[in-house]
Amino acid sequence: MIPLPIPARRSMNVLSRLQAAFQSVLENMVPEHGPYLEMIRPAQDARFGDYQANMAMPLGKKIGLPPREVAQKIIDQLDISNWCETPEIAGPGFINLKLKTDWIANELSTMLKDPNLGVSSAAAPKTYILDYSSPNVAKPMHVGHIRSTVIGDSLARILRFVGHRVITDNHLGDWGTQFGMIIYGYKHFVDEERYKRTPIDELGRLYRFVRRLMDYHYSQASLPDLSSQIFKLAEQAKQKEEQLEGAAKPDAKKLRKELARLNEKRKDTQNQLAKAEQLIQDVEQDESLLQVANAHSGINQAVLNETADLHAGDPTNRQLWDEFLPACRDDIQKIYQRLDIDFDHELGESFYQPWLGEVVEEFKSRGLATESDGALCVFLDAFDSPMIIQKRDGAFLYATTDLATIRYRMQKWNPDVVLYVVDHRQHEHFAKLFAAADVWGYEQTEFRHVAFGTVMGPDGKPYKTRSGDTVGLEGLLDEAVQRARSVVDQNLEKSADLKFEEAERQQIAEVVGLGALKYADLSQNRASDYEFSYDKMLALKGNTAPYLLYPYARVNGIFAKGEIDSSTFRQAVKGLTLDRDQERRLGLLLLRFENALAESLVDYTPNTLANYLYELTAGFGQFYEKCKVLEAENETARQTRLALCDLVRRTLKTGLSLLGIDVVERM
RNA sequence: GUCCCGGUAGCUCAGCUGGAUAGAGCAGCUGACUUCUAAUCAGCAGGUCACAGGUUCGAAUCCUGUCCGGGAUGCCA
C-alpha cells in the first residue's frame with residue numbers, strides 16, 4: 001500500500017522557520033551544520049527575547065574565532081528582518097532573537113482561520129505500527145494496564161494528527177494458562193444456568209474460583225520450603241553477626257551490608273509465608289470449599305494439561321476456547337469503549353499459532369538458532385543469555401510468538417517503525433527480540449520499546465488494594481468518576497448563579513474523572529514510576545486535568561455571554577494587535593503548539609505535549625486576570641482577545657484530544 | 001555476579017539530544033471575589049540537582065567511580 005500524498009499546509013512553526021534562516025547562513029560557514037541548528041530554542045528568560053541561538057560558542061571554537069565575532073558574522077548574513085527585530089549578542093556569544101509583534105499577530109490571525117491550528121503535515125510520512133495495551137483476556141484488567149493503553153493511544157493519535165500512517169494493534173494474550181484455568185473450571189464447576197444468562201460473569205467467577213484453589217495447593221506445597229529458607233537465612237545471619245564481632249573496619253562494612261541484605265531477604269520470605277498461610281486459611285475456614293479443594297488436589301497440573309491440550313488441538317478444549325473467547329473480548333471492549341480507545345486490529349497471540357513452527361524452522365535452517373540443553377536458542381552478540389524460541393519439551397514461547405508477529409507485520413504493512421508500549425521490566429526481552437529481528441533481515445525497520453514505569457501506591461510500592469490484590473481497572477474508573485462528581489457538587493455549591501442539572505453534573509464528572517485518570521498518567525515522564533493519587537489527579541490547580549479543562553469552559557462562557565458565534569467571528573476578524581505583555585506571551589505560546597507535538601514524538605513522550613498544554617493554560621490564566629475581554633478598552637483589543645481566547649480553547653481541545661481526553665462545554 | 005532504570009525543595013514531580021540566576025503543584029505564610037465562572041490569580045519562604053572525580057568557554061544534563069532504591073537475569077509473559 002502506498003501512503004496517500006498529504007497536502008502541505010503552511011507551517012506555524014517558528015522554530016523551523018528560524019532554523020531555515022540560520023541554515024542558509026551556516027551552510028557557507030561549516031560543512032556539518034545540522035547539529036548547530038538544534039541549538040536554536042525558545043528563550044529561557046523573557047529578558048533574552050523570544051528565541052535564542054547558541055551555536056556561536058562551539059562554532060567559534062571550531063573555526064578559531066572569538067564567539068562574539070562569529071555571532072556577529074551570522075547576524076550580518078541572517079535574512080529575518082521582515083519578521084524579527086535586529087538580533088542581539090549577549091554574554092559569551094548568545095544570539096537573542098525577538099519576533100516582531102506585528103508578525104506574531106499576523107501569524108495568529110492565520111492560525112485562527114486554519115482548522116488545523118497551523119499544524120502542517122509531516123513532510124515525509126512514515127508507517128508506524130503501535131503495539132499497546134495487550135491485556136490477557138479472561139482475566140480482569142487491572143491498574144497495570146492503564147499506562148500501556150493510555151500512552152499507546154496518545155502516541156497513535158499524535159502520530160496520525162501530524163500525518164503519519166498509523167496501524168494500531170492490540171496484541172491480546174488469548175492463548176495462555178488462563179484459558180486452561182477457565183476450561184478446567186468450566187468442566188468441573190460451571191453453573192449452567194448462570195453461564196447461559198451472563199457468560200462473562202460466570203467465566204470470571206470460574207477464573208477466580210480456580211485461581212483460589214490453585215493458590216491453596218501451591219501455597220501448601222511451598223510451606224516447608226519457605227520455612228526452611230527462613231531458617232537457613234536466620235542461620236546465615238547469625239554467622240555473619242559472629243564474624244562481624246571480630247572483624248576489622250573495611251570488612252565490617254561489607255559484612256554489615258551482607259547482613260542487612262540477609263535480613264531483608266528473610267523479611268521478604270516471611271511475608272511470603274504469611275501470605276501463603278493466609279491463602280490456605282481462607283480456604284480452610286470454609287468447610288465446603290475445603291472439601292472441593294481436597295477433591296481437586298491435582299488441579300495445578302490439571303490446568304497445565306488443559307492448556308497443553310488446547311495448544312495441541314484437542315477438539316473439546318478448542319471448542320470451549322472458541323466459545324469463551326468472544327465473551328472475554330466483549331468484556332474488555334466495554335472498558336475500551338468507556339476510555340474511548342479503539343484499535344485497528346486485535347490480533348492476539350493465538351492468531352500467530354499456525355506459523356510458529358515455520359518460524360522456528362527458518363531460524364534453524366538458516367543457522368540463526370542452535371540447540372543448547374535441548375532447547376532451541378538464538379545466541380546474540382552483546383547478550384550473555386540466549387533468546388529461547390523452543391523449549392526442551394517442544395513448546396513455543398512468548399519470544400516465538402513475537403517473532404512470528406514481526407514477520408506477519410512486515411509482510412502485511414511493511415512498517416518503518418514498530419513501537420511496543422510495554423512496561424520497563426521487559427526491556428531485555430525486547431532488546432533481544434530486536435537484535436534477533438535484525439539478524440533475521442529486518443534491520444531497515446526501527447523497532448522501539450517504549451517503556452514505562454510502575455504505578456505506585458502511597459506507600460511507594462506497586463499500587464495494590466488494602467488486602468494486597470491488584471486493583472481492578474473498572475473499579476478504578478468508577479472511583480475516579482465518583483470522586484470527580486463530588487468535586488463537581490462541591491464547586492457548584494459555592495456559586496449560586498450556575499445551574500447544572502443532574503445529567504450534566506454526571507456527564508462532567510465522567511469527563512473530568514476519566515480525563516484526570518488519563519492525564520495523571522500522561523503528564524508524567526513515562527520512564528519513571530509514579531504515585532497514584534485520586535486527590536492529586538483531581539486537584540483544581542497544578543498540572544491536572546481539571547485545571548486544563550477549566551479555561552476551555554471559561555472561554556465558552558465568554559463567547560456565550562457576549563453572544564458571539566465562533567465561526568462567524570473567526571471569519572470576520574481583521575487584524576490583531578498585541579499591546580499587552582500577557583497578550584504577546586500568550587500569542588507566542590499558541591504558536592508553539594506544532595513544535596510541542598514534534599517534541600513529543602522525538603522520544604515518544606506524551607508528557608511533553610501535556611507540559612506544553614499546562615504552560616499554555618498557565619499563560620491563559622495570567623492573560624485572563626489582566627485583560628478584560630468583552631469589556632476591552634477598544635474594539636481592536638476586544639477582537640484580539642477574543643481571538644486569543646478562541647485559539648486557546650481550540651488548542652486545548654485539540655491537544656487534549658491527542659491525549660485521548662475529552663472536554664466539557666462548561667463546568 | 002552481570003546488565004538496565006532511577007536519585008532534583010518537607011511531599012509529588014517537570015527539566016536531562018550541554019547554555020545565561022534550576023522550575024511547577026501540594027504543604028507553610030501574605031494578599032485579591034458587588035468583577036468575562038475564585039475549579040482562579042498575585043506574592044513570600046523553601047535547593048550542596050545522592051556523592052567524588054573528569055570532559056567543556058559553560059554540566060542537573062555527557063563520561064568514570066562510589067553510595068542508595070527499583071527491575072531483569074536459559075526453557076513465564
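Remember, it's a predicted structure, so these values are computed and weren't measured experimentally. Throughout, a chain's letter reflects where its sequence line sits, starting with A, and its residues are numbered from 1.
Closest contact between the side chain of A:Pro546 and the listed nucleotides B:A39, B:G19, B:G74 involves B:A39. In the set B:C76, B:A39, B:C13, B:C76 carries the atom at the smallest distance from any side-chain atom of A:Leu397. For A:Ser372, counting side-chain heavy atoms from C-beta on, the closest listed nucleotide (B:G74, B:C13, B:A39) is B:G74. Of the candidates B:G25, B:A14, B:A39, B:G25 carries the atom nearest the A:Tyr614 side chain, counting heavy atoms from C-beta on. In this structure, of B:A20, B:A77, B:C36, it is B:C36 that holds the atom nearest to the side chain of A:Tyr624. Considering only side-chain atoms of A:Tyr530, the nucleotide from B:C13, B:G19, B:C75 that sits closest is B:C13. Set against B:G71, B:A77, B:C36, the side chain of A:Gln426 has B:A77 as its closest nucleotide. Considering only side-chain atoms of A:Glu531, the nucleotide from B:C11, B:C41, B:C13 that sits closest is B:C13. Listed nucleotides B:A72, B:A20, B:C75 differ in distance to A:Glu428; the shortest reach to its side chain belongs to B:A72. The listed nucleotides are B:C76, B:C13, B:A20; the one nearest the side chain of A:Phe94 is B:A20.
Residue contacts shown for A:Arg392 include a base, since a base heavy atom lies under 4.0 Å away. Residue-level contact check: A:Glu349 touches the backbone only, with heavy atoms under 4.0 Å from sugar-phosphate atoms and none from bases. Using a 4.0 Å heavy-atom criterion, one finds that A:Asn525 contacts the sugar-phosphate atoms exclusively. Residue A:Pro35 is out of contact with every strand shown, counting any heavy-atom pair closer than 4.0 Å. Within the 4.0 angstrom heavy-atom criterion, only backbone atoms of the sugar-phosphate kind lie near A:Lys561; the bases stay farther away. Backbone-only contact: A:Asn607 has heavy atoms under 4.0 Å from sugar-phosphate atoms and none from a base. The residue A:Ala451 sits apart from the nucleic acid: no heavy atom pair falls under 4.0 Å. When heavy atoms are screened at a 4.0 angstrom cut-off, A:Asn54 is found touching base atoms of the nucleic acid. Contact annotation for A:Gly557: backbone-only contact, meaning every heavy-atom pair under 4.0 Å involves sugar-phosphate atoms and none involves a base. As judged by a 4.0 angstrom heavy-atom cut-off over every strand, A:Phe48 is placed among the base-contacting residues. Here A:Cys645 lies out of heavy-atom contact (under 4.0 Å) with every strand. At a threshold of 4.0 angstrom between heavy atoms, the contacts of A:Ala395 with the nucleic acid are absent.
Across the strands present, B:G19 finds its partner in B:C57; the criterion is a Watson-Crick or G-U wobble pair with both atom distances under 3.5 angstrom. Pair check for B:G1 finds B:U73; Watson-Crick or G-U wobble, both atom distances under 3.5 Å. Nucleotide B:A27 forms no Watson-Crick or G-U wobble pair with any nucleotide shown, as no partner meets the under 3.5 Å limit on both distances. Of the nucleotides present, none pairs with B:G47 by Watson-Crick or G-U wobble criteria with both distances under 3.5 Å.
The separation of B:C13 from B:A22, taken at their C1' atoms, amounts to 14 Å, rounded to a whole angstrom. For the C1' atoms, the distance linking B:G19 with B:G28 amounts to 34 Å, nearest Å. Look at the C1' atom in both B:G53 and B:A9: the space between them is 26 Å, to the nearest Å. Rounded to the nearest Å, the gap between the P atom of B:C16 and that of B:C62 is 10 Å. Between B:A24 and B:C4, the distance separating the two P atoms is 35 Å to the nearest Å. Using atom C1' as the reference point in both B:U61 and B:U55, the two lie 14 Å apart (nearest Å). For the C1' atoms, the distance from B:G25 to B:G15 is 15 Å, rounded to whole Å. Rounded to whole Å, the C1' atom of B:C3 lies 35 Å from the corresponding atom of B:G10.
The phosphate of B:A39 (OP1 or OP2) has no side-chain N or O of A:Arg666 nearer than 4.0 angstrom. Contact between the side-chain N/O atoms of A:Gln622 and the OP1/OP2 oxygens of B:A42 is found at a separation under 4.0 Å. Between A:Lys541 and B:G25, a side-chain N or O to OP1/OP2 separation shorter than 4.0 Å is absent.
For A:Arg649 and A:Phe559, the positive end sits near the middle of the six-membered ring, less than 6.0 Å away and at most 45° from its axis.
Remark: P of B:A38 and CZ of A:Phe620 are 11 Å apart, rounded to the nearest angstrom. The separation between A:Asp529 atom CG and B:G69 atom C1' is 10 Å, rounded to whole Å. Atom P of nucleotide B:G69 and atom NZ of A:Lys461 are separated by 13 Å, given to the nearest angstrom. Rounding to whole angstrom units, CZ of residue A:Phe430 and C1' of B:C5 are separated by 16 Å. Atom CG in A:Leu613 sits about 18 Å away from atom P in B:A24, given to the nearest Å. Across the protein-nucleic acid pair, A:Arg505 atom CZ and B:A39 atom C1' stand 14 Å apart, rounded to whole Å. Atom pair A:Asn170:CG and B:A77:P shows a separation of 18 Å (rounding to whole Å applied).
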Output, in order, the C-alpha distance, side-chain angles, deciding distance and verdict of side-chain hydrogen bond (donor to acceptor under 3.5 Å, both in side chains) for A:Ser600 and A:Thr608. CA-CA 5 Å; A:Ser600 72; A:Thr608 310; 5.9 Å; no

Could you give me the CA-CA distance, side-chain angles and deciding distance for A:Arg485 and A:Gln506, then say whether side-chain hydrogen bond (donor to acceptor under 3.5 Å, both in side chains) is met? CA-CA 7 Å; A:Arg485 175 60 196 262; A:Gln506 195 52 37; 2.8 Å; yes

side-chain hydrogen bond (donor to acceptor under 3.5 Å, both in side chains) between A:His424 and A:Asp529: does it pass, once the steps are laid out? CA-CA 10 Å; A:His424 69 288; A:Asp529 297 340; 4.8 Å; no

Evaluation steps, side-chain hydrogen bond (donor to acceptor under 3.5 Å, both in side chains), between A:Glu615 and A:Asn611: CA-CA 6 Å; A:Glu615 276 180 56; A:Asn611 289 343; over 6 Å; no

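Looking at A:Gln524 and A:Tyr519, their side chains never bring a donor and an acceptor atom within 3.5 Å of each other. Counted by atom type alone, A:Glu493 and A:Asn491 present zero donor-acceptor pairs between their side chains at under 3.5 Å.
The aromatic ring centroids of A:Tyr614 and A:Tyr547 lie less than 6.0 Å from each other.
Comparing A:Arg47 and A:Glu38, the nucleotide of RNA chain B nearest to each residue sits closer to the 5' end for A:Glu38. In this structure, A:Ser528 and A:Phe500 both approach RNA chain B, and ranking their closest nucleotides by distance from the 5' end singles out A:Ser528.
For a distance-only test at 3.5 Å, the side chain of A:Glu615 fails to qualify as a donor-acceptor partner of the base of B:A24. For a distance-only test at 3.5 Å, the side chain of A:Asn96 qualifies as a donor-acceptor partner of the base of B:A20.
Using a 4.0 Å cut-off between charged side-chain N and carboxylate O, A:Asp423 and A:Arg425 make a salt bridge.
No option in A:Tyr352, A:Tyr398, A:Tyr132 other than A:Tyr352 meets the ring pair (Phe, Tyr, Trp, His ring centres under 6.0 Å) test with A:His171.
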